[in-house]
Every structure is written in C-alpha cells, then in structure tokens.
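One structure is given below, encoded as structure tokens.
Numbering of ligands and ligand atoms starts at 1, following listing order.
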Amino acid sequence: MAGSLAITAPAVWGGPGQILRNATVVAEGGEITYVGPAAGAPEAEEDVFVDGFLMPAAADRHVHIELSDPAAVLLGGVTAVRDLAWPPDVVFPLADASELPTFNGPLIRAVGPMLTAPGGYPTADRWAPPGTGRVVRGPDDAAIVVGELADRGATAIKVSLNAEAGPTPSDGELAAICGAAADVGIPVTAHAQGKGQAERALGAGVDELAHTPWSERLSPQVIEAMARSMRIVSTLDILSRGRDTPEVRTALDNLRRFHEAGGTVIYGTDLGNGPIPPGIHVREALLMREAGMTNEGVLEAMVRGPLQPGAPADLIALAQDPLEELGALEDLRLVVRAGRVVLAR
Ligand SMILES: [Zn+2]
C-alpha cells in the first residue's frame, strides 16, 4: 500500500494492560490501521524492525513552544504539544502550520493568550511577550473573548488565577468564562496560585489545573471534589529542577492525594518557561511516580491514547522497557509522527 509503514518490535505497549510480543503496527495516511501479531500483518511499502519497546509517542500538555525548539521536541519523542499561553497572532498560525507533514516539530494545539485582569499575571512577566495575557473587562467582555478564541481554533481556554502576581478575574468574569467555554464545548484550564485559588477554580467549574498546586496544601475536601471534576497537568519538575524544594514537596503531597482519590493526572512540563529540556523529560515522569503513580500509569498520562486502528500514527521505540524502569524513556530508538519516521537509530 502506497505510503504505508509497518513497524515490528519484540514488545509493543498498546495501552494499560496491553502488551503484545513480536507484534507489528501498520500506519497509513497518518493513522494506525493495524496492531497485532507480526505474522499476519498486512503488507506495507516501508518495513521497519526495531529491537526495543514500541509505544505511542508522548504528548506534553503544557508548553510554551516559541520558547523552545520544535525540532528538538519532536526528536525527543514528543509528537504533540499543547501551548498554554502565547500571543494569538503568533501561536494560532504556528498551530495551523504544525498540521502539515513538512512541519519540523510536533503537532501543536494552542489556547492563545491567558485571560487575566488588568495588571494581572502574566501581563508584567518577563517570559511573556505582549499579547500572552488578554485582559478581560467585565463578564460580557470575557464571554466575547472566549467566543473569539474558540473561532480561532483554541483547544482550551486558559485563565490566570495567580493572586500572588497581581489581580485576577472577578468571580463574575470567571463564571462568564466557564459558561461561554461550556457553550462552545471547550475546556477551561487555570493557572491557580495563591491561597484559595485552586478552590476558586473548582467552585467555578474549571475543568483542569495547568499546574499541580504548589503554593498551599489543599484540604482533603477540596482534593476529593477536585478528583471528581478536574484533571491536573503535572508540571512537577519546573518546581524542582532536580532539587528538593518546598514547592515540589507541597505539589507532590497534593498530587499524591489527588491521585489516590481517583483524580486524572496528565503529563506536562511547562517547557519553555524555565530550564526544561525539549523532548520527553524523564525527571517529570519520575516525579509523577513519586506522587504514587505506577510506571504504567505514568505512560498512560504521557500518551494521547491507546494504539489502535484510527489512532494517530505517532510512535516511539525505546531500547529498554519503561514499565520496569522509567529511565528507559531517555533512550529513544525510533520516533514516528503521522506515519513518517523522523528518527531511527
Ligand atoms: Zn506555562
């Protein structure tokens, strides 16, 4: 079949509980068309054998891609990213361009700017160029902005609840943001920082926290309620950078209890906003494990979904088995994005 690719490996992880031995994955037109025994796999134009552990590629759900190197992100095994705040006139065209097969980087989804209050985070922060924050002036304006961002293809709406850095949107504005986002069917993610802000996000119906809360220990009641209605993007190592800090301890304590309560954790690094290396960040994975997740749970949090027909043909192969040791995520043998081999060694 023209343009098709078959990858055979001694071990294929298709998703939780799904390990196949000596299996083949076939891709065509950017999608997976077959996952199963190597014997009996359909013929493909290109055949690759990789002596390692084949699995879905990683997705980083919290990046600022313009502050990193898209080509290095892709070569590092991350084939999809979600940009959580950048000027819309830059990031939405970039997200469009990332859909082309010629794009030298991961697939990019973007939220555009972070919605904030006059003088609020990140309007005065050095990392954020003008336009990274969008000031909302009243509930009506907030609802209009959400509609505009949705029309431009925003994958979520980001709201700044950073009370440590300045004013935050009012309760009325926050309610309008959540209501307007629900109307157009996109989730709301919040940067919650400062006492009571995570609880505020919870009460307003925010769908996700863009960081594990680190500025306070959340009460058991808040954790329980959050586990039922919100998910958390990990971003643990940005608080740690490989060291033991009070911030990462508080975050680990919150995330451990959130995970135990059944909450959904997804992998994200805040790439670009600090010294996070491009590609799969093993320290982030190890911290997620420290928060009580199993190795398989961490892998599940890092991928877009199981390997199955119809899924995007985004794959990586590792020299060793990460279910035994997460450090294996560092030793890539193969990266495939949209059915194209972008790294093979
Ligand atoms: Zn960020």
So that I can tick it off, tell me whether D207 and R231 are bridged by a salt bridge, with the cut-off set at under 4.0 angstrom between side-chain N and carboxylate O.
no
Backbone or side-chain N/O/S of H191 under 2.8 Å of the Zn ion (ligand 1):
no
Any donor-acceptor pair under 3.5 Å linking the side-chain atoms of Q193 with those of H191?
yes
salt_bridge(R257, D253) N-O dist < 4.0 Å:
yes
Could you tell me the angle subtended at the Zn ion (ligand 1) by OD1 of D270 and NE2 of H62, rounded to 10°?
90°
Closest heavy-atom contact between A317 and L54?
CB-CD1, 4.0 Å
Taking 2.8 Å as the cut-off, does H211 contribute an N, O or S atom near the Zn ion (ligand 1), distance below it?
no
